[in-house]
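Keep in mind it's a predicted model, so treat the numbers as computed, not measured. Throughout, protein chains are lettered first and strands after them, A, B, ... in sequence-line order, and every chain is numbered starting at 1.
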Amino acid sequence: MLDIKLIREEPEKVKEALQKRGADVGLEEILSLDQARRELLSAIEAKRAERNSASEGVGKLMREAGQAKKEGRSSAELEVEVGKLKERSSGLGKEIAELDNQLRPIEDSLRELLLLVPNIPHETVPVGLDASKNEIIRRVGDPREFGFEPKAHWDIGEDLNIIDFKRAAKIAGARFALYLGAGAQLERALINFMLDIQSREHGYTEVFPPVLVNKESMTATGQLPKFAEDLFKCADDDLWLIPTAEVPVTNIHREDVFPVGKLPVKYTAYTPCFRREAGAHGRETRGLIRQHQFNKVELVKFVEPETSYAELESLTADAESILQKLELPYRVISLCGGDLGFSAAKTYDIEVWLPSYNEYKEISSCSNFEDFQARRANIRYRPMEGKPLFVHTLNGSGLAIGRTVAAILENYQQEDGSVVVPKVLKTYLQMDTISV
RNA sequence: GGAGAGGUGGCCGAGUUGGUUGAAGGCGCUCGCCUGCUAAGCGAGUAAGGGGGUUAAGCCUCCUUCGAGGGUUCGAAUCCCUCCUUCUCCGCCA
């Protein structure tokens, strides 16, 4: 959520910034609602002040009247005054209620509209409206030269009998995977490996959160209200399946104020993730790339605003380190304005080389949300002096597990159909190669 | 799911015959005094959000908030209703 003050004071600047991401947001309605809200509020508050003082007067006079009676004096005059004040106060109460009834729908629609406004891109975000304008930041490692025709990971998986898409479809439907034997073990090994690196070497605190969350949590991180159709929802409860651990982990600190000196706070979490993939029909239907359920190790940071862009660089480096250790070739790109997610101010995607696609494929997305989520979730910190301020939140995949499995199978495949296990995983898997 | 007891400021914790209690007291924190240094002691300050005014920073003023939402009342932390949540006991259960 953007700061209403920013919209109020510099609407042109906000509009311009949002155009950078191709979002045509009608700020006019927001501005006029904001104006109406403040006018009503002033009127209501003036009347409340008046009513409060009248009510206070009632209390005072009643005490005086009680005192008078005790002393045997007449309290009749005072009681008349009390009656007048009560009447006045009561009348004001009705006026206030009336104005309140006008105010409420205005505040509701104002908030509704504000929740639909995306974040403002950072100044370093490349200009452009689609993926073709994304900027390549760096490449690490070279795609391997195969001396044979490399297979796609879904064929490798089925040939080695470690991934079964047909049975997964029978159990649940399209876009699900059933891992078997070494495949299931590889998935589990990667989860452990990534959590170990991020928690032991990079200082993230490991957490394991709920994977069903309520509406408030989904709203805080920006999935709701706008993207409900991308989510799985429980029919009889206000519970939603998380599309990423970002949701429950960021919400750990919803409504919190971090004490002085506590930041940065860093978490890593493994969770399954659930996405409806509405609108993705026919795209990447084969293999592990686009699933309704997939595993992911996530990195989440809460930081002070001044440091957030440096923290984005280090968070991205933390995610990259996994690919380096796995010796998988990848590149890092900076998303242009039009390709940016709703809540993000800046995003680096990390893309791993996939021989079957003959291109780099997203395996991690690392973003700085600045105070966009913090404002929605009311997450603040206490600076050395002054009032609490909103933190900046960041997160990134470190990494998506299924896509990592796909990358390992494809990049480490041998001509005989077996797959060599990456060096760093050998102790986790207790095997050197996966073969039939 | 059933029964009972709670949910108050950064933390702990008073406050139920409704009325200077936005909230005693304590802890913590900040500033000052005291002190050879530290500790102890003394004094003062210390919630958040939002409106309006004014300013160079600052400040003034009003409103809202005692789990959330309704209700009663001139007036509610205090009374009533609904919901959420925590704890204890019972039931159920991986």
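For the pair A/Leu99 CG and B/C63 C1', the interatomic distance rounds to 14 Å; values are reported in whole Å. For A/Leu110 and B/G50, the CG to P distance is 13 Å, given to the nearest whole Å. Whole-Å rounding puts the A/Met62 CE to B/U73 P distance at 15 Å. In this structure, A/Arg254 atom CZ and B/U85 atom P are separated by 13 Å, rounded to whole Å. As a whole-Å value, the separation of A/Leu239 CG from B/C84 P is 12 Å. Atom CG in A/Leu389 sits roughly 11 Å away from atom P in B/A48 (whole-Å rounding). For A/Arg51 and B/A76, the CZ to C1' distance is 11 Å, given to the nearest whole Å. As rounded to whole Å, 4 Å separates atom C1' of B/C63 from atom CD of A/Glu45.
The nucleotide B/U38 finds no pairing partner, because no Watson-Crick or G-U wobble arrangement with both distances shorter than 3.5 Å includes it. With a 3.5 Å ceiling on both atom-pair distances, the Watson-Crick or G-U wobble partner of B/C31 is B/G43. Using Watson-Crick or G-U wobble geometry with both donor-acceptor distances under 3.5 Å, B/C83 finds its partner in B/G67. Here B/A57 sits opposite no nucleotide as a Watson-Crick or G-U wobble pair (both hydrogen-bonding atom distances under 3.5 Å). A 3.5 Å limit on both hydrogen-bonding distances identifies no Watson-Crick or G-U partner for B/A23. Pair assignment for B/U78 gives none, since no Watson-Crick or G-U wobble pairing has each distance under 3.5 Å. In this structure, B/U73 forms no base pair with any nucleotide, since neither Watson-Crick nor G-U wobble geometry is met with both distances under 3.5 Å.
Between A/Arg8 and B/G51 there is a side-chain N or O to OP1 or OP2 distance below 4.0 Å. Residue A/Arg380 places at least one side-chain N or O closer than 4.0 Å to OP1 or OP2 of B/G49. For A/Asn52 and B/G75, the shortest distance from a side-chain N or O to OP1 or OP2 is not below 4.0 Å. Remark: A/Arg48 is not in phosphate contact with B/C62, judged by side-chain N or O atoms under 4.0 Å from OP1 or OP2. In this model, the phosphate group of B/A48 is not approached by any side-chain N or O of A/Asn378 to a distance below 4.0 Å at OP1 or OP2. Using a 4.0 Å cut-off, some side-chain N or O of A/Arg104 falls inside it from OP1 or OP2 of B/G70.
The C1' atoms of B/G52 and B/G41 are separated by 45 Å, rounded to the nearest whole Å. With C1' as the reference atom, B/G1 and B/G75 are 41 Å apart, rounded to whole Å. B/A23 sits 10 Å from B/A47 when the P atoms are compared, rounded to a whole Å. Of the P atoms belonging to B/G15 and B/G25, the separation is 15 Å, rounded to the nearest Å. A gap of 15 Å separates the C1' atoms of B/U86 and B/U8, to the nearest Å. Nucleotides B/G69 and B/C29 have their P atoms positioned 34 Å apart, rounded to a whole Å. Taking the C1' atoms as reference points, B/A77 lies 10 Å from B/G18, given to the whole Å. Of the P atoms belonging to B/G22 and B/G28, the separation is 27 Å, rounded to the nearest Å.
Contact annotation for A/Leu85: no contact, since no heavy-atom pair falls under 4.0 Å across all strands. Here A/Arg37 lies in heavy-atom contact (under 4.0 Å) with sugar-phosphate atoms only. At a threshold of 4.0 angstrom between heavy atoms, the contacts of A/Ala49 are confined to the sugar-phosphate backbone, with no base atom among them.
Remark: A/Arg88 engages A/Glu50 in a salt bridge, criterion side-chain N to carboxylate O under 4.0 Å. Under the 4.0 Å criterion applied to side-chain N and carboxylate O atoms, A/Arg37 and A/Glu107 are assigned as salt-bridge partners. A salt bridge links A/Lys84 with A/Glu81: the closest approach of a Lys/Arg side-chain nitrogen to an acidic carboxylate oxygen falls below 4.0 angstrom.
Defined by atom type and a distance below 3.5 Å, a donor-acceptor pair is present between the side-chain atoms of A/Ser314 and A/Lys301. Counted by atom type alone, A/Arg254 and A/Ser217 present one or more donor-acceptor pairs between their side chains at under 3.5 Å. If you check the side chains of A/Tyr267 and A/His253, you find a donor sitting under 3.5 Å from an acceptor.
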Practice item. Evaluate the criterion ring pair (Phe, Tyr, Trp, His ring centres under 6.0 Å) for residue pair A/Phe372 and A/Phe342; output intermediate values, then yes/no. Key: CA-CA 10 Å; A/Phe372 187 86; A/Phe342 179 78; 5.7 Å; yes
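Between A/Asp34 and A/Gly93, the residue anchored closer to the 5' end of RNA chain B is A/Asp34, taking for each the nucleotide with the nearest heavy atom. Taking for each of A/Gly59 and A/Val257 the nucleotide of RNA chain B with the nearest heavy atom, the 5'-most of the two is the partner of A/Val257.
Each of A/Glu187, A/His153, A/Glu410 was scored for a side-chain contact (heavy atoms from CB on, under 4.5 Å) with A/Val405, with one residue passing: A/Glu187.
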